[in-house]
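Down below is the structure, laid out as structure tokens.
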There are 2 protein chains.
Amino acid sequence: MHTKERDTCCPTPRASSRRKNNVVECESCGLYGMCKVAGLDAPVPDLIDEIVGRREPVAVGQNVIAAGATFGEIYAVKSGSFKTYVTMASGEQQIIDFYFPGELIGLEGLSEGSYPHTVEALEASSVCRLDFSKLNVLGERLGEFQKQLINALSKRARQDQWVPLLMGAQNAEQRTATFLLSLSARFAEHELPSVRFKLPMSRHDIANYLGLAVETVSRMFQRFQSMDLLEVHGRHVELRDIDAIRVIAGLNNINAT
Amino acid sequence: MHTKERDTCCPTPRASSRRKNNVVECESCGLYGMCKVAGLDAPVPDLIDEIVGRREPVAVGQNVIAAGATFGEIYAVKSGSFKTYVTMASGEQQIIDFYFPGELIGLEGLSEGSYPHTVEALEASSVCRLDFSKLNVLGERLGEFQKQLINALSKRARQDQWVPLLMGAQNAEQRTATFLLSLSARFAEHELPSVRFKLPMSRHDIANYLGLAVETVSRMFQRFQSMDLLEVHGRHVELRDIDAIRVIAGLNNINAT
DNA sequence: CTACAGCCTTGATGTGTATCAATTGGATCA
DNA sequence: TGATCCAATTGATACACATCAAGGCTGTAG
């Protein structure tokens, strides 16, 4: 199964310069196909260097992407690792995901034109950078259909960012609040009623999705109602104080889709 | 903000035939761009009907997609709603996500060639279907670069499916097990050591990501070690019994990425 | 309109995990 | 090599939520 594992573990060899193991070869990199297409397979044509930065080093704690920055590049992790996070209203950071060699960072920024979260190196790492603005991919070089497909995929990737926020919610109250907000936001995105709507799923389904007990979901709804944040009649719901719900969810400042 | 909300709530009008509200117009549909490109904007050319099924009705509880089925189509929710789930080793279903009008279903199947989870209607709904096999999108009509980009995006969408599994995990033990497995799987995907590796992130980061306390993460690692499933020395980890860990995680039969 | 059935709510108790507190261990740097 | 500091472990207590149990409501079908 794991025949030729290079292992950096345990007695670290004391080489003079820090030796980085666990580097993905180009063949195993998420950017490989694109690099190859761009003609970057073998001896490097100079013009390619304008588009793909190769193996740029990143120091521990350094940010490759800052949340909110304008989209322009995607990165492939060559070695090392990264975490991505958003900063909550409380100032705490909520980790969204981790990234490892061969994986791509930054795709979430494609649809909206800005990166939704910050990307920080967990250790001394290196990345390859693919410059979208210079490639002008979404412009002339991409057919309309493909453009739409890519947009749809990118949007989905961003939409999924709600889920880690749900995970990060420590208590049932926060989770339920976040759930309601995510529903509302998704409805609004397609111009459906987003303040007063009918929950299509059962309490059982909600509980399953949120990792809570059915009874707890019910109690949270009741609690919100008693706080005048919400009006619930069975599956009919009206958000009466969205801002307050956002505060409870802890994402007052977060611009999650 | 929400100017022209049509509302289906509360005193439901007793029309003879069930009136379905909350139908997205084509303009607001996730498939819109693609339909438009395909020439489906106005009066429908017959040949288009081969590719796009329009407003096909789906009954409550009916499956639009079965987990594991061969990828061939994507669907846009026209009205109604859906849930997606995987069936766990225990036979219980773990809900991955919900889908609402205007959103696209099935994109996750693009990269691997099969759908990772089952899609079931929560109510009487309707969908538009876009037939990929007939469009042959990934074949001749798509440039190599775009193909790679779409693949990367689709892969990412699928990778995110780990997260709901983490959410669904009721207790800290399951979450930690699932976390370790997801790391291992992601390493393996790029031919990095996946049995014995170094955790690049702190316990603090792991706890934040899993929605647990640092101490709990530590205790879980210790517990696994005492069960001989794991060997931990600080950030160095070796999975000694992956199958057993899968059992604990509850996804013995799941083929998550 | 009435009756049934499943869904949802409400209450009481136990357990898993957060929290608080203190110690140990490991990595970094002089 | 040794000192320092932060990370990780380990233990004790409190609380939030799961679980068990029962009753009320809503929607559906006859």
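The figures that follow rest on heavy atoms only: side chains count, while hydrogens, waters and symmetry mates do not. Letters A, B, ... mirror the listed sequences (proteins, then strands); counts begin at 1. What you see is a predicted model; the values in this text were computed from it and never measured.
- Distance alone, capped at 3.5 Å, places no donor-acceptor pair between the Arg186(B) side chain and the Glu103(A) backbone.
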Under 3.5 Å, which N/O atoms of the protein pair with N/O atoms of nucleotides 3-5 of chain D?
none

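- When the P atom of dG16(C) is taken as reference, atom CZ of Arg175(B) falls 15 Å away, rounded to whole Å.
- In this view, Ala121(A) and Val58(A), Phe82(A), Ser125(A) satisfy the side-chain contact (heavy atoms from CB on, under 4.5 Å) rule, not counting sequence neighbours.
- Using a 4.5 Å heavy-atom threshold, the side chains of Leu229(B) and Ile242(B) count as separate.
- By the 4.0 Å N-to-carboxylate-O rule, Asp241(A) lies too far from Arg246(A) to be salt-bridged with it.
- When rounded to the nearest whole Å, the span between CD of Gln174(B) and C1' of dA18(D) equals 13 Å.
- Atom CZ of Arg129(A) sits about 14.0 Å away from atom NZ of Lys78(A), to the nearest 0.5 Å.
- For the pair Leu212(B) CG and dA16(D) P, the computed distance is 17 Å after rounding to whole Å.
- Listed by chain and number, the residues in a salt bridge (Lys or Arg N to Asp or Glu O under 4.0 Å) with Glu238(A) are Arg196(A), Arg240(A) (sequence neighbours excluded).
- When distances are taken from the side chain of Arg203(A) to each of dT9(D), dG16(C), dC8(C), the shortest belongs to dC8(C).
- Over its full length, the helix from dT9(C)-dA22(D) to dA30(C)-dT1(D) turns its helical axis through 50°, comparing axes from the five pairs at each end and rounding to 10°.
- Side chain of Gln62(A) to main chain of Ala59(A): a donor-acceptor pair is present (N/O by atom type, distance under 3.5 Å, no hydrogens or angles).
- Side-chain N or O atoms of Thr118(B) include one that pairs as donor or acceptor with a backbone N or O of Ala67(B) at under 3.5 Å.
- Along DNA chain D, the nucleotide nearest Gly234(A) and the nucleotide nearest Ala172(A) are compared for position; the residue whose nucleotide lies closer to the 5' end is Ala172(A).
- Nucleotides dG27(D) and dT10(C) place their P atoms 16 Å apart, quoted to the nearest Å.
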Intermediate values then yes/no, side-chain hydrogen bond (donor to acceptor under 3.5 Å, both in side chains), Ser126(B) and Glu56(B): CA-CA 5 Å; Ser126(B) 59; Glu56(B) 305 177 352; over 6 Å; no
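- OP1 or OP2 of dC8(C) lies within a sub-4.0 Å distance of a side-chain N or O belonging to Arg235(A).
- Across residues 215-224 of chain B, Glu215(B), Thr216(B), Arg219(B) each have a non-hydrogen atom less than 4.0 Å from an atom of DNA chain C (numbered order).
- With sequence neighbours excluded, the residues forming a side-chain contact (heavy atoms from CB on, under 4.5 Å) with Val232(B) are Arg203(B), Phe221(B), Gln225(B), Leu230(B), Val237(B), listed by chain and number.
- Nucleic acid contact class of Ala213(B) (heavy atoms, under 4.0 Å, all strands): base.
- Listed for the Ser184(A) side chain is a donor-acceptor partner under 3.5 Å among the backbone atoms of Ser194(A).
- Rounding to whole angstrom units, CD of residue Glu123(B) and C1' of dT28(D) are separated by 17 Å.
- The distance from atom NE2 of His204(B) to atom P of dT19(C) is 12 Å, rounded to the nearest whole Å.
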